Protein chains: 2
Amino acid sequence: MSHTYEYPRAALAVDCVVFGLDETDLKVLLIQRKLQPFQHAWALPGGFVRMDETIDNAARRELEEEAGVSDVYLEQLYTFGAMHRDPRERVVTVAYYALAKLSDHRIRAATDAMGVGWFALDALPKLAFDHSEIVSRAHERLRGKVRYAPVGFELLPPRFSLTQLQRLYEIILGTELDKRNFRKKILSLDLIVETDEVEQGVRHRAARLYRFDRRKYDRLAKQGFELSI
Amino acid sequence: MSHTYEYPRAALAVDCVVFGLDETDLKVLLIQRKLQPFQHAWALPGGFVRMDETIDNAARRELEEEAGVSDVYLEQLYTFGAMHRDPRERVVTVAYYALAKLSDHRIRAATDAMGVGWFALDALPKLAFDHSEIVSRAHERLRGKVRYAPVGFELLPPRFSLTQLQRLYEIILGTELDKRNFRKKILSLDLIVETDEVEQGVRHRAARLYRFDRRKYDRLAKQGFELSI
DNA sequence: TCAAGTTAGTGTACAAATTACACTCTAAAC
DNA sequence: GTTTAGAGTGTAATTTGTACACTAACTTGA
């Protein structure tokens with residue numbers, strides 16, 4: 001039986017929700033659109049997928065090109081294909097979320113230079129297309145995932161204090177945690193280990209810095225260990 | 001600034017992993033391909049997305065057309081876009097997973113008639129394309145989700161015994177559970193309620209049948225309640 | 001140098017949840 | 001009426017989670 005392949009082709013795009021964490025807030029990186037539609041509106045970094053690259057690659061490329069962001073944790077989130085989400089024509093977008101270390105000077109420098117903005121998640125401007133919906137879903141996913149996967153560390157510098165880690169969970173989960181109970185639990189996992197470094201340049205007692213032992217985690221995970229925070 | 005829209009267009013498809021549960025196994029519905037490529041090989045039901053339907057609709061339509069399956073729980077899983085996953089050309093597929101009640105006579109009848117097959121998850125034949133990878137990811141998602149969301153009930157008839165429910169969790173999670181502890185925990189949630197019906201046609205003491213109180217669950221979920229099994 | 005300010009760091013008692021475990025009850029089939 | 005198959009039930013021990021408040025270390029500025 002002979003067969004020719006005739007079927008509709010959608011324009012396929014990617015969009016990325018890049019999260020960053022500062023002292024008090026979870027932030028999202030946005031870019032201001034230069035072109036119609038939604039000219040001048042804030043939007044997620046993203047663009048069309050090329051025929052010679054995977055979708056993951058398209059996401060990384062657009063992050064680099066549009067926002068100067070590279071070397072981040074990146075995970076596919078959901079594919080949005082509502083009929084009129086783009087007023088021009090049918091565009092299906094594969095959404096990703098990324099976790100960036102705001103403390104990373106390269107990220108700071110790159111995003112400062114390119115006219116992009118970091119916005120607190122609870123004070124976002126109106127966004128282009130269905131990007132608000134994408135951000136909501138990304139936040140939801142992050143909230144869920146942070147409790148059973150070691151993704152939070154992607155938002156922190158490689159060495160961090162236990163207070164920083166606690167703040168991270170408080171900010172993402174939106175709850176207050178008890179300091180002593182948190183430390184007890186975290187340290188009992190034996191995956192967050194002391195270093196001989198301490199916080200620098202603070203005007204109070206310097207906190208001891210810890211690091212996440214990813215090797216150990218990976219080893220345990222292979223043996224069926226399940227994290228739970 | 002004028003602008004014309006010139007970008008590559010990928011062929012966009014959907015594929016569905018339909019799960020069903022019998023007495024001893026989690027099963028997956030497969031169809032045998034009639035055409036090249038992978039002619040005669042078993043594959044997931046699926047097909048191309050049309051320009052005038054959403055991706056979700058495409059998934060439901062293909063399920064109905066190719067496998068006679070309708071009225072199932074359906075959730076988007078992941079989008080697969082490796083370069084050569086389809087040997088003909090670039091095809092990106094949005095994968096879904098569905099939970100069907102094998103006890104539903106309509107499902108039974110439809111799938112019997114259409115030359116489709118139910119295969120135990122741990123004894124699948126070789127599959128076309130990257131469909132094995134899609135099935136793995138669907139199974140992983142189901143295992144994760146069944147513990148904090150009430151999706152298991154989608155695999156059971158509306159009235160079920162506690163033993164059936166326990167088997168469901170044992171089969172999906174791949175662990176044995178203690179009968180008394182399981183019942184204590186499940187009933188303490190107060191979401192699985194007794195009916196006045198009992199199992200029929202068994203050659204031993206008939207088990208009492210229960211139902212899941214979805215209204216109550218939805219109400220609690222809105223107030224921030226989180227299920228955990 | 002000392003007083004004030006700021007965050008780091010630490011333990012215990014109580015409550016709640018989870019685990020381990022074995023027998024009697026009921027109905028059908030023969 | 002005996003056998004068979006699974007239904008149904010409680011308690012004690014252990015583990016885990018929760019509530020809670022003070023001292024230690026360092027910096028800054030008077």
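What you see is a predicted model, and the numbers here were worked out from it, not measured in a lab. Chain letters run A, B, ... following the sequence lines, proteins first, then strands; residues in each count from 1.
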Inter-end axis angle, the helix from C:dT1-D:dA30 to C:dC30-D:dG1, with every axis fitted to five base pairs (rounded, 10 degrees)
10°
Spacing of A:Arg180 atom CZ relative to D:dT23 atom C1', expressed in whole Å
12 Å
Regarding B:Glu66 and B:Arg61, does a basic nitrogen lie under 4.0 Å from an acidic carboxylate oxygen?
no
Donor-acceptor check, side chain of A:Asp130 to backbone of A:Glu133, threshold 3.5 angstrom: yes or no?
no
d(CG, B:Leu177; P, C:dT18) in whole Å:
13 Å
Given atom CD1 of B:Ile186 and atom P of C:dT18, what is their separation to the nearest angstrom?
12 Å
For A:Pro45 and A:Leu63 the tightest heavy-atom approach is CG-CD2, 4.1 Å
Between protein and nucleic acid, restricted to nucleotides 3-7 of chain D and to nitrogen or oxygen atoms under 3.5 Å apart, what atom pairs and distances do you find?
unit_1 : atom_1 : unit_2   : atom_2 : d
D:dA7  : OP1    : B:Thr163 : OG1    : 3.1
D:dA7  : OP2    : B:Thr163 : OG1    : 3.1
D:dA7  : N7     : B:Lys179 : NZ     : 3.2
D:dA7  : N3     : B:Arg205 : NH1    : 3.3

Tell me whether the rings of B:Tyr169 and B:Phe182 are parallel (<30°), tilted (30 to 60°) or perpendicular (>60°).
tilted
Cation-aromatic face contact B:Arg137/B:Tyr78, 6.0 Å, 45 degrees:
yes
Are A:Asp71 and A:Arg106 ion-paired here, with the side-chain N under 4.0 Å from a carboxylate O?
yes
Any salt bridge linking A:Arg141 with A:Glu75? Criterion: basic side-chain nitrogen under 4.0 Å from a carboxylate oxygen.
yes
Counting only N and O atoms by type, is there a donor-acceptor contact under 3.5 Å from the side chain of B:Glu170 to the main-chain atoms of B:Leu177?
yes
Nearest whole Å is fine: how far is C:dG11 C1' from A:Asp178 CG?
12 Å
Distance check needed: C:dA8 C1' versus A:Gln166 CD, whole Å only.
12 Å
Report the distance from atom CG of A:Leu209 to atom C1' of C:dA8, rounded to the nearest whole Å.
12 Å
On DNA chain C, does the nearest nucleotide to B:Ser228 precede the nearest nucleotide to A:Leu162 from the 5' side, or the other way round? Give the residue.
A:Leu162
Between the protein and nucleotides 11-16 of chain D, list the N/O to N/O atom pairs that are separated by less than 3.5 angstrom.
unit_1 : atom_1 : unit_2   : atom_2 : d
D:dT11 : O4     : B:Lys184 : NZ     : 3.0

A:Ile229 CD1 - D:dG17 C1' separation (whole Å):
15 Å
Give me the ring orientation class for B:Phe225 and B:Tyr217: parallel if the planes are under 30° apart, tilted from 30 to 60°, perpendicular past 60°.
perpendicular
Look at the side chain of B:Asp25 and the backbone N and O of B:Lys27, then say whether any donor-acceptor pair between them is shorter than 3.5 Å.
no
Pair A:Thr163-A:Arg183, side-chain donor/acceptor within less than 3.5 Å:
yes
Taken to the nearest whole Å, CZ/B:Phe182 to P/C:dA17 is 18 Å
